[in-house]
Amino acid sequence: MPAQGLYLHVPFCFHKCHYCDFYSIVDSPASARDHPRRDRQAAFTQALQAELEFHANRAPLSPTTVFVGGGTPTLLRPDLWQLLLKHMQKLGVLERVREFTVEANPETITPQLVTILAAGGVNRVSIGAQSFNTGLLKTLERWHNPDHVEQAVHIIRQGGIDNVNLDLI
């Protein structure tokens, strides 16, 4: 019987938050400018594609739900998102998917990224708002302010994804 759900972990973060116990690595396009060898996004995407292909060749990999968490999955470069989504479509991973969720931080949402996600089948974005209190956001080491959440929701909906949830601590 094929898996009903698929979780993909994209571990990239701007920095490691003190409260987070999830596997994550500080490896973003910004850090790659200062430390070019730290840009592991392309290698990670290739490895994830190979892992998906390995499992798809062993048994049907056709879940009804896909959840991409992290880290901050929306730190993955748009061109790599495009490659990953095309590969998943080619493998038939997305044929039965009814809900395809990607976690995001408000400051990482761009029109370009949302267009790629929506075209690839993503129909829900989970925004890590965490709090609407500026003081608490600083305590939590978050990089956004409350206004960024509203802007992110607007960009997501303008990009064709209507199903949005806010993750609060």
May I ask you to test the Ile127-Asn105 pair for a side-chain heavy-atom distance under 4.5 Å?
-> no
About how many Å separate OG1 of Thr72 and CD of Glu103, when rounded to the nearest 0.5 Å?
-> 8.0 Å
Decide yes or no for Pro73 and Phe12: does some side-chain heavy atom of the first lie under 4.5 Å from some side-chain heavy atom of the second?
-> no
Beyond-backbone contact of Ile155 with Thr110, side-chain heavy atoms, under 4.5 angstrom | no
Taking every heavy atom of Val114 against every heavy atom of Ile109, the minimum-distance pair comes out as CG2-CG2, 3.8 Å
Can you tell me how far the CD1 atom of Ile116 sits from the CZ atom of Arg77, to the nearest 0.5 Å?
-> 11.5 Å
Taking the side chain as C-beta and beyond, is there a heavy-atom pair between Thr65 and Leu6 under 4.5 Å?
-> no
Out of curiosity, Leu83 CG to Gln49 CD, how far, rounded to the nearest 0.5 Å?
-> 6.0 Å
Geometric class of the Tyr7/Phe67 ring pair [parallel <30°, tilted 30-60°, perpendicular >60°] | parallel
Short side-chain to backbone donor-acceptor contact, Gln82 and Gly120, under 3.5 Å | no
Can you name the nearest heavy-atom pair linking Ala152 to Pro106, along with the distance?
-> CB-O, 3.8 Å
Do you know which two heavy atoms are closest between Gly159 and Ala118, and how far apart they sit?
-> O-CB, 3.6 Å
Side-chain (Thr108) to main-chain (Ala104) donor-acceptor, under 3.5 angstrom = no
Heavy atoms from other residues, nucleotides or ligands near CD of Glu95 exceed 12 (cutoff 6.0 Å) | no
Nearest-0.5 Å distance that lies between atom CG in Leu91 and atom CG in Asn57 | 7.5 Å
Can you name the nearest heavy-atom pair linking Gly71 to His9, along with the distance?
-> N-CE1, 4.0 Å
Quick one: are Leu52 and Leu84 in side-chain contact, heavy atoms under 4.5 Å?
-> yes
Determine whether the side chains of Ser126 and Asp167 contain a donor N or O and an acceptor N or O closer than 3.5 Å.
-> no
Atom CG in Leu80, atom CD in Gln46: separation rounded to 0.5 Å?
-> 9.0 Å
Within a strict 4.5 Å, meaning less than it, do heavy atoms of the Met88 and Leu8 side chains meet?
-> yes
Going by heavy atoms in the side chains, are Val164 and Arg124 under 4.5 Å from each other?
-> no
Trp81 vs Thr45 side-chain heavy atoms within contact, under 4.5 Å = no
Test side chain to side chain contact (heavy atoms under 4.5 Å, CB included) on Thr101 and Val122 and set out the steps.
-> CA-CA 6 Å; Thr101 304; Val122 173; over 6 Å; no
Answer yes if the side chains of Glu51 and His55 hold a donor-acceptor pair under 3.5 Å, and no otherwise.
-> yes
Rounding to 0.5 Å, atoms CD (Gln112) and CG (Leu117) come to a distance of 10.0 Å
Do the side chain of Arg96 and the main chain of Ser62 share a donor and acceptor less than 3.5 angstrom apart?
-> yes
At their closest point, which heavy atom of Asn123 faces which heavy atom of Phe100, and how far apart are they?
-> OD1-N, 2.8 Å
